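Reading through the structure tokens given below for one structure.
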Amino acid sequence: MEQRKLGTQGLAVSQMGLGCMGMSEFYGPRDDAESIATIHRALELGVTLLDTADMYGPFTNEILVGKAIRDRRDRAVVATKFGNQRNPDGSWIGINGRPEYVRSCCDASLIRLAVDHIDLYYQHRVDTTVPIEETVGAMAELVKQGKVRYLGLSEAAPPTIRRAHAVHPISALQSEYSLWTRDHEMEVIPTVRELGIGFVAYSPLGRAFLTATMKSMDVLAADDFRRRGPRFQDENLAKNLALLAPIEAMAKEKSATPAQIALAWVMAKGEEIVPIPGTKRRTYLEENIAAAEIRLSAAEVERLDQAVPRGATAGARYPDMSTVNR
């Protein structure tokens with residue numbers, strides 16, 4: 001698989017990564033054996049970027065990833081995050097960017113992952129009660145100590161990105177980006193391009209909506225968090241289903257799946273953009289990876305841009321949008 005640079009500090013990863021969150025929580029039942037097999041298959045096929053966070057599980061996803069890479073650490077670029085604070089029972093505490101919390105989270109993640117360093121360490125959400133300079137300053141100390149190699153932010157607004165980058169170079173910003181989530185094209189993506197920061201696109205398949213296999217909530221497990229998502233509610237879902245037609249049409253033309261077209265579109269939007277579709281099954285992993293072989297022409301990208309324009313999606317990304325783009 002081709003490599004893409006994240007930032008200008010030397011971090012290079014596969015042009016598509018693997019989101020591991022759903023292996024432990026949010027998307028129905030767990031199957032750790034299949035999840036580990038999926039991570040192994042991803043590494044075999046050239047995927048290097050594995051994305052996790054301490055809050056996934058909570059805490060168990062890092063343990064799972066650590067087990068999967070135990071005998072193949074040199075093939076994996078491990079990205080994890082801190083900042084969304086949860087209790088062991090899963091209950092929500094809040095967003096925490098205090099320096100002492102940053103240090104304790106890093107040490108705990110290193111233990112759970114069973115590694116001696118984290119390749120890419122993100123602040124998962126911005127804590128507006130703590131100056132970003134203090135949070136990133138603590139993260140920079142982790143780099144000096146050799147515990148972390150590169151720094152990242154997630155769902156940060158342009159002014160925050162600039163202030164953070166002035167303290168220590170930020171290699172990657174991770175935020176949601178897909179054909180049905182294009183708001184970052186206005187200010188965020190231009191900002192990271194200007195500063196030489198990579199962009200890691202989570203949920204590039206719209207939480208599987210863009211696979212065109214979720215045309216009813218009935219396919220979701222009872223505890224699937226998408227059931228609470230505004231975009232999946234009846235009225236919004238009905239409107240959003242119309243967005244699939246042009247994607248399905250192009251998929252048919254190119255003998256591909258809608259998921260592959262959606263991923264190819266993200267990868268075509270810039271060499272600094274790396275999508276991290278999540279899956280816990282090898283079958284879907286292999287389908288996703290095949291999207292790297294699809295080359296959309298400028299005309300085809302423009303056709304999709306026009307067919308699914310910014311702002312066309314009905315409903316907010318989350319029930320509470322107060323913690324993103326801060």
Side-chain angles (χ1 to χ4, degrees), residues 6-7 9 11 13 17-26 30 32 35-36 39 42-43 48-127 130 132 134-156 164 168 170-174 200 202 276 278 280 323:
L6 293 178
Q9 293 74 52
L11 177 58
V13 301
L18 174 61
C20 299
M21 179 187 77
M23 296 176 178
S24 299
E25 195 180 12
F26 301 113
R30 294 173 51 172
D32 287 359
S35 293
I36 288 174
I39 293 173
L43 295 172
T48 61
L49 181 60
L50 304 178
D51 186 85
T52 182
D54 59 2
M55 73 158 282
Y56 301 158
F59 315 121
T60 55
N61 195 242
E62 287 184 324
I63 295 171
L64 177 73
V65 171
K67 288 180 179 178
I69 66 170
R70 184 171 298 159
D71 60 349
R72 54 203 83 193
R73 174 67 178 97
D74 60 334
R75 296 160 63 182
V77 175
V78 178
T80 192
K81 316 176 197 71
F82 73 91
N84 280 329
Q85 192 173 6
R86 299 174 72 188
N87 287 309
D89 65 2
S91 57
W92 175 254
I93 297 174
I95 296 174
N96 193 336
R98 295 192 300 271
E100 63 274 17
Y101 182 71
V102 176
R103 291 187 286 268
S104 66
C105 282
C106 180
D107 289 342
S109 288
L110 288 169
I111 291 171
R112 286 190 291 266
L113 288 162
V115 297
D116 62 5
H117 71 275
I118 294 164
D119 296 303
L120 176 57
Y121 200 39
Y122 293 102
Q123 182 184 20
H124 206 161
R125 292 291 186 270
V126 176
D127 183 350
V130 178
I132 192 66
E134 293 184 16
T135 302
V136 176
M139 295 168 71
E141 287 298 319
L142 299 174
V143 176
K144 291 181 181 178
Q145 295 166 9
K147 296 179 179 181
V148 170
R149 294 188 65 200
Y150 303 98
L151 301 185
L153 302 174
S154 181
E155 292 287 4
H168 186 281
I170 300 299
S171 295
L173 174 78
Q174 181 179 141
V200 175
Y202 76 82
I276 51 168
K280 51 189 173 183
T323 65

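The first residue of the sequence shown is numbered 1, and numbering continues consecutively from there. Since this is a predicted model, take the numbers as computed values, not measurements.
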_Any residue meeting side chain to side chain contact (heavy atoms under 4.5 Å, CB included) with Arg112, in chain and number order, not counting sequence neighbours_ = Asp54, Phe59, Glu62, Ile63, Ala108, Ser109
*Tell me yes or no: between the side chains of Arg125 and Ser154, is some donor less than 3.5 Å from an acceptor?*
yes
Which donor-acceptor pairs under 3.5 Å do the side chains of residues 141-148 make with protein atoms, sequence neighbours left out?
{"from": "Lys147", "atom 1": "NZ", "to": "Asp107", "atom 2": "OD1", "distance (Å)": "2.8"}

*Sequence neighbours left out, what passes salt bridge (Lys or Arg N to Asp or Glu O under 4.0 Å) with Asp127? Give chain and number order.*
none
*asked:* Using the salt bridge (Lys or Arg N to Asp or Glu O under 4.0 Å) criterion, which residues pair with Arg72? Sequence neighbours excluded.
replied: none
_Please enumerate all residues that pass side chain to side chain contact (heavy atoms under 4.5 Å, CB included) together with Ala42, with sequence neighbours excluded._
Leu18, Val47, Leu285
*Under the side chain to side chain contact (heavy atoms under 4.5 Å, CB included) rule, what do Val78 and Arg73 come out as? Steps first, then yes or no, please.*
CA-CA 9 Å; Val78 178; Arg73 174 67 178 97; 3.7 Å; yes
*Is there a side-chain contact between Met139 and His168 (heavy atoms, below 4.5 Å)?*
no
_Candidates Thr80, Thr52, Asp51 - the one meeting side chain to side chain donor-acceptor pair (under 3.5 Å) with Asn61_ = Thr52
*Going by heavy atoms in the side chains, are Ile69 and Val115 under 4.5 Å from each other?*
yes
*For residues 74-121, pull every pair meeting ring pair (Phe, Tyr, Trp, His ring centres under 6.0 Å), keeping only residues two or more places apart or in separate chains.*
Phe82-Tyr121
*Would you please name every residue forming a salt bridge (Lys or Arg N to Asp or Glu O under 4.0 Å) with Arg70, sequence neighbours left out?*
none
*Can you list the residues that meet the side chain to side chain contact (heavy atoms under 4.5 Å, CB included) rule with Asp71, with sequence neighbours excluded?*
none
_side chain to side chain donor-acceptor pair (under 3.5 Å) partners for Thr323, two or more places apart_ = none
*Can you name the residues that form a side chain to side chain contact (heavy atoms under 4.5 Å, CB included) with Asp74, not counting sequence neighbours?*
none
_Working note: Arg30 + Leu64, criterion side chain to side chain contact (heavy atoms under 4.5 Å, CB included); need CA distance, chi angles, decisive distance, verdict._
CA-CA 11 Å; Arg30 294 173 51 172; Leu64 177 73; 5.5 Å; no
_For Thr48, give me all partners under side chain to side chain donor-acceptor pair (under 3.5 Å), at least two apart in sequence or on another chain._
Ser14
*Scan residues 62-81 for pairs that pass ring pair (Phe, Tyr, Trp, His ring centres under 6.0 Å), counting only residues two or more places apart or in two chains.*
none
